[in-house]
Amino acid sequence: MELQEKVPVSIFTDVDKDVFLREIYPKRRPAVLRGVSLGPCLEKWTAEYLGQKGGDKEVKIHVSTVPQMDFLHKNFAYRTLPFSEFVKRASEQKHSDFFLSEDESYYLRSLGEDVRKEPADLSKQFPDLAEDFHIPQFFAPDQFFSSVFRISSCGLQLWTHYDVMDNLLAQVTGMKRVVLYSPQDALHLYLSGDKSEVVDIDSPDLKRFPDFVKAKRYECVLEPGDLLFIPALWFHNTVALQFGVGVNVFWRHLPADSYDKKDPYGNKDPVAAARALQALERALHTLDELPADYRDFYGRRMIQRIQKRTYCDSLTSTAMQEDADGTLPSGQFTKPG
């Protein structure tokens, strides 16, 4: 089978805010930050401690009979458990109490109090645990959007998707493999909304997804205490190599009015992008009024105009330069406000 090109994600140590903003953030590339202080959570957050602090607070979780969760085809069920019971089950390999099967997999993505209006915030949903976790101050406080608690059974794999905000994934306990794909490889990922239809990225069905091999695969393994910077629009797929606990911190790096105000998850396309996609859909419906050969001709002209207006050659050239010599000129991208 033809294989994707693989690139290891760069690892940086001794990173503070100044180093992050000057040397890492402008490149708009994923980066593992090792040695950043995350607080006492690294020592404290055992399964037993989490259960004690989280107590009987009920949480909505994903439960699946297979470890490879697929959001497009919904091969999992939503269930509710007391937090302490959820942590106990998620940390087990076999379950005496279960919903679907004794080896079912569990996944928690914390939610806001009002899931339709409020983003997740660790300090509000789990205030006792939030005291143990120190959010890296790599962005202005008014840019903060959410802090998402994530807990996974060993072996659990999450679907490939992108987010519209920059974020840091803090791996507090356990180890996690993360595979990422550049936004410029979006056309090779067979998208349905913000998700890839290629569920099995390690053994893809190349008859259904022949172009998937063209996407360059960036990969890293996060150890306890590692931070992964995931720039907005970068696709990512995670596998929990062990029972693990993490926190995702998202922030608004575009002007605040760029984002959909009715988006507690932070994954809706920016307002201008959503309007453009709607306009495109209307334009395509208009083309349906023409015979097939005319649709083909004017469709190709539309594609050409979109490429001329939107494709950014500087992104491609700078990426090629970085791959060639490991450096990238500063000032190519706007730094956060």
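Along the sequence shown, residues carry numbers from 1. Note that this is a predicted model, so its numbers are computed, not measured.
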Sequence neighbours excluded, which residues qualify as side-chain contact (heavy atoms from CB on, under 4.5 Å) partners of A170?
L38, F133, L227
Is the distance between the ring centroids of F149 and F126 under 6.0 Å?
yes
Tested for salt bridge (Lys or Arg N to Asp or Glu O under 4.0 Å) against D166, the lone hit among R29, R252, R28 is R28
A cation-pi test, strictly: NZ or CZ of K88 under 6.0 Å from the centre of the six-membered ring of F86 and no more than 45 degrees from its axis. Yes or no?
no
Salt bridge check: are E281 and R275 linked by an N-O gap of less than 4.0 Å?
no
Could you pull out the closest heavy-atom pair between D121 and F144, with the gap in Å?
OD2-CE2, 4.0 Å
Aromatic F99 / basic R89 pairing, under 6.0 angstrom, 45° off normal
yes
If we ignore angles and hydrogens, is there a donor and acceptor under 3.5 Å between the side chains of H161 and N267?
no
Quick check on the 6.0 Å ring-centre criterion: do Y106 and H95 meet it?
yes
Would you kindly say whether Y298 and D293 are connected by a side-chain donor-acceptor distance under 3.5 Å?
no
Say whether, by atom type as modelled, one donor and one acceptor occur between the side chain of T173 and the main chain of V245 under 3.5 angstrom.
yes
Any cation-pi pair here, K17 with F138, using under 6.0 Å and within 45°?
no
Only counting residues at least two apart or in another chain, list the ones meeting side-chain contact (heavy atoms from CB on, under 4.5 Å) with Q68.
Q157, V199, D200
